[in-house]
Amino acid sequence: MNVTVTIPIKAQILSGGFEVHASSEGISWSKAQLGEYSGKSGVYVLHANGNILYVGKTTIGEYGNFGERLRRHFHEKASQNSRVHKLLVSQTTPIRAYLLDLEDLDMLIDHGSASLTRERKALVMEQLLIGIYEPEGNAE
């Protein structure tokens, strides 16, 4: 069985995406800043100042879209002051989100004869990106 995955190179990730602003205590956060991606699902890469900070995925369930998942990273109260939120608010340059929605993953992962759902493709891409780029926010 062969599965072929096209991994975005670091330069592509760092030159892509759009700014997402973290909120501190008492400041609201709006998922409207995610535009058309707010309601989509897939894999996301948060980066700033030439560094990949965090890789995550959204697929199904209560937090199954980019808007809800990123709110849990970027809004202090929703994040419950998590380690990832602390990393994001510590950045001195703008944070950008590079998003690969489920349709993008269909084009990047050729599952050959294997049976992979879109959710499994997201898991594969997330784990590969974490393994390759070793983001600080994903360190244990």
Side-chain angles (χ1 to χ4, degrees):
M1 164 181 6
N2 287 328
V3 175
T4 305
V5 181
T6 302
I7 308 271
I9 62 172
K10 188 173 184 179
Q12 180 182 359
I13 294 169
L14 296 178
S15 67
F18 51 87
E19 281 189 29
V20 182
H21 303 280
S23 67
S24 299
E25 186 175 354
I27 299 173
S28 65
W29 186 87
S30 172
K31 59 185 172 182
Q33 64 185 301
L34 305 178
E36 67 184 64
Y37 283 101
S38 180
K40 294 191 177 198
S41 295
V43 176
Y44 58 95
V45 179
L46 305 177
H47 62 91
N49 198 31
N51 296 308
I52 294 177
L53 302 171
Y54 185 80
V55 175
K57 71 174 176 359
T58 65
T59 52
I60 55 177
E62 184 178 353
Y63 304 108
N65 64 51
F66 289 129
E68 287 302 314
R69 189 69 175 114
L70 293 185
R71 182 180 72 81
R72 292 186 55 181
H73 293 314
F74 284 92
H75 186 263
E76 183 179 48
K77 186 174 181 180
S79 77
Q80 298 178 352
N81 205 24
S82 71
R83 182 175 51 83
V84 173
H85 179 74
K86 290 176 185 176
L87 173 64
L88 297 175
V89 297
S90 74
Q91 300 307 302
T92 57
T93 59
I95 301 165
R96 298 182 67 82
Y98 179 83
L99 307 173
L100 297 166
D101 66 23
L102 295 176
E103 291 81 23
D104 295 332
L105 295 175
D106 281 340
M107 292 184 285
L108 295 171
I109 300 175
D110 177 1
H111 56 84
S113 63
S115 177
L116 289 177
T117 64
R118 284 181 159 179
E119 289 77 17
R120 290 288 181 186
K121 288 178 184 180
L123 177 63
V124 166
M125 183 63 77
E126 176 196 36
Q127 292 304 305
L128 285 170
L129 291 173
I130 290 169
I132 292 167
Y133 298 120
E134 301 178 342
E136 180 181 346
N138 292 98
E140 302 259 339

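- No side-chain heavy atom of V3 sits under 4.5 Å from any side-chain heavy atom of V124.
- Hydrophobic clustering (side-chain heavy atoms under 4.5 Å, transitive across Ile, Leu, Val, Met, Phe, Trp, Tyr) groups L105 together with V55.
- Enclosure of atom CZ in R118 by more than 12 non-hydrogen atoms of other residues, nucleotides or ligands within 6.0 angstrom is indicated.
- Between V20 and L88, the closest side-chain pair of non-hydrogen atoms is not below 4.5 Å.
- The line from CD1 of I7 to CD1 of I109 is 7.5 Å long, rounded to the nearest 0.5 Å.
- The two residues L46 and A97 make their nearest non-hydrogen contact at CD2-CB, 3.8 Å.
- There is a path of hydrophobic side-chain contacts, each under 4.5 Å, that joins I52 to L108.
- Using modelled atom types and a 3.5 Å distance limit, the side chains of H73 and Y44 yield a donor-acceptor pair.
- Looking at heavy atoms from C-beta onward, L14 lies out of side-chain contact with Y98 at the 4.5 angstrom threshold.
- Side-chain contact between N138 and Y133: absent, with no pair of heavy atoms (C-beta onward) separated by less than 4.5 Å.
- Atom OG of S90 sits about 8.0 Å away from atom CD1 of I95, to the nearest 0.5 Å.
- Closest heavy-atom contact between P94 and A48: O-CB, 3.4 Å.
- Hydrophobic clustering keeps I132 apart from L123 (ILVMFWY residues linked when any side-chain heavy atoms are closer than 4.5 Å, directly or through intermediates).
- When all heavy atoms of G16 and H47 are compared, the closest pair comes out as O-NE2, 3.2 Å.
- Taken from CG in L70 to CD in Q33, the straight-line distance is 8.5 Å, to the nearest 0.5 Å.
- Across R83 and A139, no two heavy atoms sit closer than the pair NH2-O, 3.2 Å.
- V43 and Y54 end up in different hydrophobic clusters when Ile, Leu, Val, Met, Phe, Trp and Tyr side chains are linked at under 4.5 Å.
- Side-chain atoms of S38 never come within 3.5 Å of backbone atoms of G35 as a donor-acceptor pair (strictly under, hydrogens ignored).
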Original post:
Are E136 and L87 close enough, and set up right, to give a side-chain contact (heavy atoms from CB on, under 4.5 Å), and what steps lead you there?
Top reply: CA-CA 8 Å; E136 180 181 346; L87 173 64; 3.5 Å; yes
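- Within a 6.0 Å radius of CD in E103, more than 12 heavy atoms belonging to other residues, nucleotides or ligands are found.
- Closest of all the heavy-atom pairs between V84 and G137 is CG2-O, 3.9 Å.
- A continuous path of hydrophobic side-chain contacts links L53 to L34 [ILVMFWY only; heavy atoms under 4.5 Å].
- Between atom OG1 of residue T58 and atom CD of residue E119 there is a gap of 10.0 Å, rounded to the nearest 0.5 Å.
- In the displayed structure, Q80 atom CD is contacted under 6.0 Å by at most 12 heavy atoms of other residues, nucleotides or ligands.
- Remark: L129 CG to L100 CG distance equals 7.0 Å, nearest 0.5 Å.
- Residues R69 and K57 share a closest heavy-atom pair of NE-O, 4.0 Å.
- Summarising the geometry, atom NZ belonging to K121 is positioned 10.5 Å from atom CE belonging to M107; distances are rounded to the nearest 0.5 Å.
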